[in-house]
Amino acid sequence: MKRTVFPTPASKSILSKSTLSAALAFALLTAGSLGVVSSPAHADDDMCNVPKADWKTKEALREKLTADGWDVRKVKTEDGCFEVYAIDAKGKKVEAYFNPATFDTVKIKQED
């Protein structure tokens, strides 16, 4: 007798088609939800999507903010924006994000 390499049809499945469909739908919804929930918070990427060649310097931003009455503590690059830690002209601690080409404010968090 010749052996076959193809498997024989399996007996009845333990799970019905509706159960498998429900499980698949749940898995897709869960995966989609995790993608939304776990995405990190960033400054608006569209506002900071500027080619490096068009960037002004951190020093120029520091000078502008100092002239506006800010006490700038730190300027760094974060997600394509300049991130500034400072005391603003009103004496409030701020964490602000600026477009590196225009110095427009993208996002600002103030201490109450």
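Note that these values count all heavy atoms, side chains included, but never hydrogens, waters or copies made by symmetry.
- A search for side-chain hydrogen bond (donor to acceptor under 3.5 Å, both in side chains) contacts involving K64 returns D68, not counting sequence neighbours.
- Considering only residues two or more places apart in sequence or on other chains, E63 meets the side chain to side chain contact (heavy atoms under 4.5 Å, CB included) condition with none of them.
- The nearest pair of heavy atoms linking F82 to L61 is CB-CD2, 3.6 Å.
- K90 is linked by a salt bridge (charged side-chain N to carboxylate O under 4.0 Å, His left out) to nothing, counting only residues two or more places apart in sequence or in another chain.
- Interatomic distance, CG of L65 versus OG1 of T105, reported as 8.0 Å (0.5 Å rounding).
- Annotation: side chain of K76 is in contact with side chain of Y85 (closest heavy-atom distance under 4.5 Å).
- Distance CD/E95 to CD/Q110: 12.0 Å, rounded to 0.5 Å.
- Under the side chain to side chain contact (heavy atoms under 4.5 Å, CB included) criterion, I87 pairs with D71, R73, K93, not counting sequence neighbours.
- When all heavy atoms are compared, the tightest approach of C48 to V106 is SG-CG2, 3.8 Å.
- Of the candidates V84, I108, D104, F98 forms a side chain to side chain contact (heavy atoms under 4.5 Å, CB included) with just one, namely V84.
- Looking only at distances, a side-chain donor or acceptor of D88 sits under 3.5 Å from a matching main-chain atom of K92.
- Under the 4.5 Å side-chain heavy-atom criterion for grouping Ile, Leu, Val, Met, Phe, Trp and Tyr, V94 is connected to F103 within one hydrophobic cluster.
- Among all heavy-atom pairs drawn from C81 and P100, the shortest one is CA-CD, 4.2 Å.
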Solution key, residues 50-57 side-chain donor-acceptor pairs under 3.5 Å, sequence neighbours excluded:
unit_1: W55; atom_1: NE1; unit_2: V50; atom_2: O; d: 3.1
unit_1: T57; atom_1: OG1; unit_2: A60; atom_2: N; d: 3.0

